[in-house]
Undergrad: 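A single structure is presented below for examination.
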Amino acid sequence: MSAVSDRLPTFPWDKLTPYKATAAAHPDGIVDLSVGTPVDPVPELIQKALVAAADSPGYPTVWGTPELRDAITGWVGRRLGAREVTHRHVLPIVGSKELVAWLPTQLGLGPGDRVAYPRLAYPTYEVGARLARAEYEAYDDPTELDPEGLKLLWLNSPSNPTGKVLSKEELTRIVAWAREHGILLFSDECYLELGWEAEPVSVLHPDVNGGSYAGIVSVHSLSKRSNLAGYRAAFLAGDPAVLAPLLEIRKHGGMMTSAPTQAAVIAALGDDDHVRVQRERYASRRELLREALVTHGFRIEHSEASLYLWATRGESCWDTVDHLAKRGILVAPGDFYGPAGAEFVRVALTATDERVAAAVRRL
């Protein structure tokens, strides 16, 4: 076990513990804008679907019920503009982090294989490569990478942590380059429905992929758009030649979404109204926090989508974390996401209206 754990970096969130204690000591309590975990209620129709499926004594299937696959293919077509998506093009997963962490291993990658991800990125892309003992590297433009030995290319648009959105033209160019060099492309699109100053596009859109899903897979989550982080509900969509062997591996590994969660996902993907309501909540909080941060002396970069503001005061991110913690506000240091974030902090929009208002007063 130690041989596996020794491959991993220090769990980043543990470093925030003393700053969390400082923020929690504020007379009016902590405003936690760090992790980005949803705080609003799970929509009632989703809760009802979960409860109605609670009497599920049998094992669920890894591929999900036909109704679940119908819900995913329907949503992918309606929301992403994907065409001719069948059940073979989709695969439920147990939350997106599980997939990101174990994908290189499930793909059979190992020493000598390379995994690439954005310069500023979700740390689990690197963790997944480390677990598989593969090599890993960060990029600014993936088409400038050496394609030799590059087996897995991660895209993330909208970005966590920066909120940057890749344009349709950029996505088209990257997909074409990856195909030219036989590189498998996985696109993490978990924040795609949370565009504010840009309209995010999926790699599944025919304008991007030319009507073919060969060599591309997109990753989607219901954690943020439907407040289902506690349900561990997500799915893949894309190349059947990639998803079929993953399905077989996951069958052997018992990586199955619970039956009640599958029922909840069907309800969530079939309803757009609750997503609109949740977007409005986040839009309001975003506007308030952005104005307060700028007034306080921060500069906001990117942040045109996702659930975060990428903010800097031109100093060490840890100095900024300390500065805000003394005001009872906890944020994530930018270097959690790579050395390029050393002077930034990530400010999540995931706090109640009351807590956001408290943060604004303090700023």
Side-chain angles (χ1 to χ4, degrees), residues 1-15 62 91 93-157 159-161 174-190 203 213-219 221 234 236 238-256 335-342:
M1 287 176 64
S2 63
V4 177
S5 62
D6 287 349
R7 298 178 211 157
L8 303 178
T10 302
F11 188 63
W13 296 101
D14 292 343
K15 299 178 186 178
V62 174
L91 177 62
I93 53 176
V94 191
S96 57
K97 184 170 185 176
E98 168 263 307
L99 183 281
V100 174
W102 292 108
L103 179 65
T105 298
Q106 292 176 21
L107 292 173
L109 304 189
D113 298 322
R114 291 164 52 229
V115 176
Y117 47 80
R119 180 79 57 196
L120 285 163
Y122 186 44
T124 313
Y125 302 133
E126 177 185 325
V127 166
R130 284 174 176 256
L131 286 170
R133 299 185 182 181
E135 298 173 17
Y136 52 88
E137 61 187 291
Y139 63 77
D140 294 308
D141 180 345
T143 66
E144 295 177 357
L145 292 165
D146 179 359
E148 183 66 30
L150 181 57
K151 298 297 179 65
L152 174 61
L153 173 63
W154 279 106
L155 299 185
N156 179 209
S157 176
S159 162
N160 173 17
I174 295 167
V175 166
W177 179 85
R179 283 175 169 167
E180 178 186 352
H181 296 286
I183 299 165
L184 178 59
L185 187 154
F186 265 68
S187 180
D188 181 345
E189 301 175 351
C190 290
V203 294
Y213 302 115
I216 58 173
V217 177
S218 66
V219 184
S221 168
L236 306 178
D239 189 348
V242 177
L243 298 187
L246 280 180
L247 173 59
E248 291 305 309
I249 292 165
R250 296 172 69 82
K251 283 179 180 178
H252 285 286
M255 294 179 173
M256 58 189 79
D335 66 3
F336 276 12
Y337 308 95

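In what follows, every heavy atom counts, from backbone to side chain, and hydrogens, waters and symmetry copies are set aside.
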Undergrad: Can Ile249 and Leu107 be said to form a side chain to side chain contact (heavy atoms under 4.5 Å, CB included), step by step?
TA: CA-CA 9 Å; Ile249 292 165; Leu107 292 173; over 6 Å; no
Undergrad: When the ring planes of Phe336 and Trp13 are compared, do they come out parallel, tilted or perpendicular, using 30° and 60° as the limits?
TA: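 Geometry flag for Trp13 against Phe336: perpendicular rings.
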Undergrad: Tell me, do Ile174 and Thr143 make a side-chain contact under 4.5 Å, heavy atoms counted?
TA: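 A side-chain contact under 4.5 Å exists here.
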Undergrad: Test your reading of the model: is there a side-chain donor-acceptor pair from Arg133 to the backbone of Pro111, 3.5 Å cut-off?
TA: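 Looks like no, no N/O pair under 3.5 Å.
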Undergrad: State, yes or no, whether a side-chain contact exists between Leu120 and Ser159 at a heavy-atom distance under 4.5 Å.
TA: no
Undergrad: How many angstroms lie between atom CG of Asp239 and atom OG of Ser218, to the nearest 0.5 angstrom?
TA: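 One finds 11.5 Å between CG of Asp239 and OG of Ser218.
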Undergrad: Using every non-hydrogen atom in the two residues, find where Arg250 and Val94 come nearest and quote the distance to one decimal.
TA: NH2-N, 3.7 Å
Undergrad: Would you please name every residue forming a side chain to side chain donor-acceptor pair (under 3.5 Å) with Tyr125, sequence neighbours left out?
TA: Asp188
Undergrad: For the residue pair Leu145 and Leu153, establish whether any side-chain heavy-atom pair is separated by less than 4.5 Å.
TA: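 A side-chain contact under 4.5 Å exists here.
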Undergrad: Looking at residues at least two apart in the chain, or sitting in another chain, which of them share a salt bridge (charged side-chain N to carboxylate O under 4.0 Å, His left out) with Lys151?
TA: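 Result, salt bridge (charged side-chain N to carboxylate O under 4.0 Å, His left out) vs Lys151: Asp113.
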Undergrad: Using 0.5 Å steps for rounding, measure from the CG atom of Leu155 to the OH atom of Tyr139.
TA: 4.5 Å
Undergrad: Testing the basics here: between Ser221 and Cys190, what is the closest heavy-atom pair and its distance to 0.1 Å?
TA: CB-SG, 3.5 Å
Undergrad: Mark yes or no for whether Glu189, through its side chain, and Val203, through its backbone, hold a donor-acceptor pair below 3.5 Å.
TA: yes
Undergrad: Could you tell me which non-hydrogen atom of Arg7 sits nearest to which non-hydrogen atom of Arg130, and how far apart they are?
TA: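 Taking every non-hydrogen atom into account, O-NH1, 2.7 Å.
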Undergrad: Roughly how far apart are Ser187 OG and Leu236 CG, rounded to 0.5 Å?
TA: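 The distance works out to 11.5 Å.
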Undergrad: Between Ile183 and Trp177, is any pair of side-chain heavy atoms under 4.5 Å apart?
TA: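 Yes. Closest side-chain heavy atoms under 4.5 Å.
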Undergrad: For a side chain to side chain contact (heavy atoms under 4.5 Å, CB included) check, start with the C-alpha distance between Arg179 and Ile216, then their side-chain angles and the critical distance, and finish with the verdict.
TA: CA-CA 9 Å; Arg179 283 175 169 167; Ile216 58 173; 4.0 Å; yes
Undergrad: Stepwise, does the side chain to side chain contact (heavy atoms under 4.5 Å, CB included) test hold for Asn160 with Tyr337?
TA: CA-CA 8 Å; Asn160 173 17; Tyr337 308 95; 4.1 Å; yes
Undergrad: Looking only at atom types and distance, does a side-chain atom of Arg114 sit under 3.5 Å from a main-chain N or O of Glu148, one as donor and one as acceptor?
TA: yes
Undergrad: How far apart are the closest heavy atoms of Ala121 and Pro118, and which atoms are they?
TA: CB-O, 3.3 Å
Undergrad: Given Val100, which of Ile93, Asn156, Val127, Thr124 fulfils the side chain to side chain contact (heavy atoms under 4.5 Å, CB included) condition?
TA: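 One option only clears the test, and that one is Thr124.
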Undergrad: Under 4.5 Å between any side-chain heavy atoms of Leu103 and Leu246, yes or no?
TA: yes
Undergrad: For Ala134 and Val115, which heavy atoms make the closest approach, and how far apart are they?
TA: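 Answer, listing the atom of Ala134 first, then Val115: CB-CG2, 4.3 Å.
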Undergrad: For Ala129 versus Pro104, what's the shortest heavy-atom pair and its separation?
TA: N-CG, 3.9 Å
Undergrad: Rounded to the nearest 0.5 Å, what's the gap from CG on Leu150 to OH on Tyr136? Could you check?
TA: 15.5 Å
Undergrad: With a 4.5 Å limit on heavy-atom distance, are the side chains of Leu99 and Met255 in contact?
TA: no
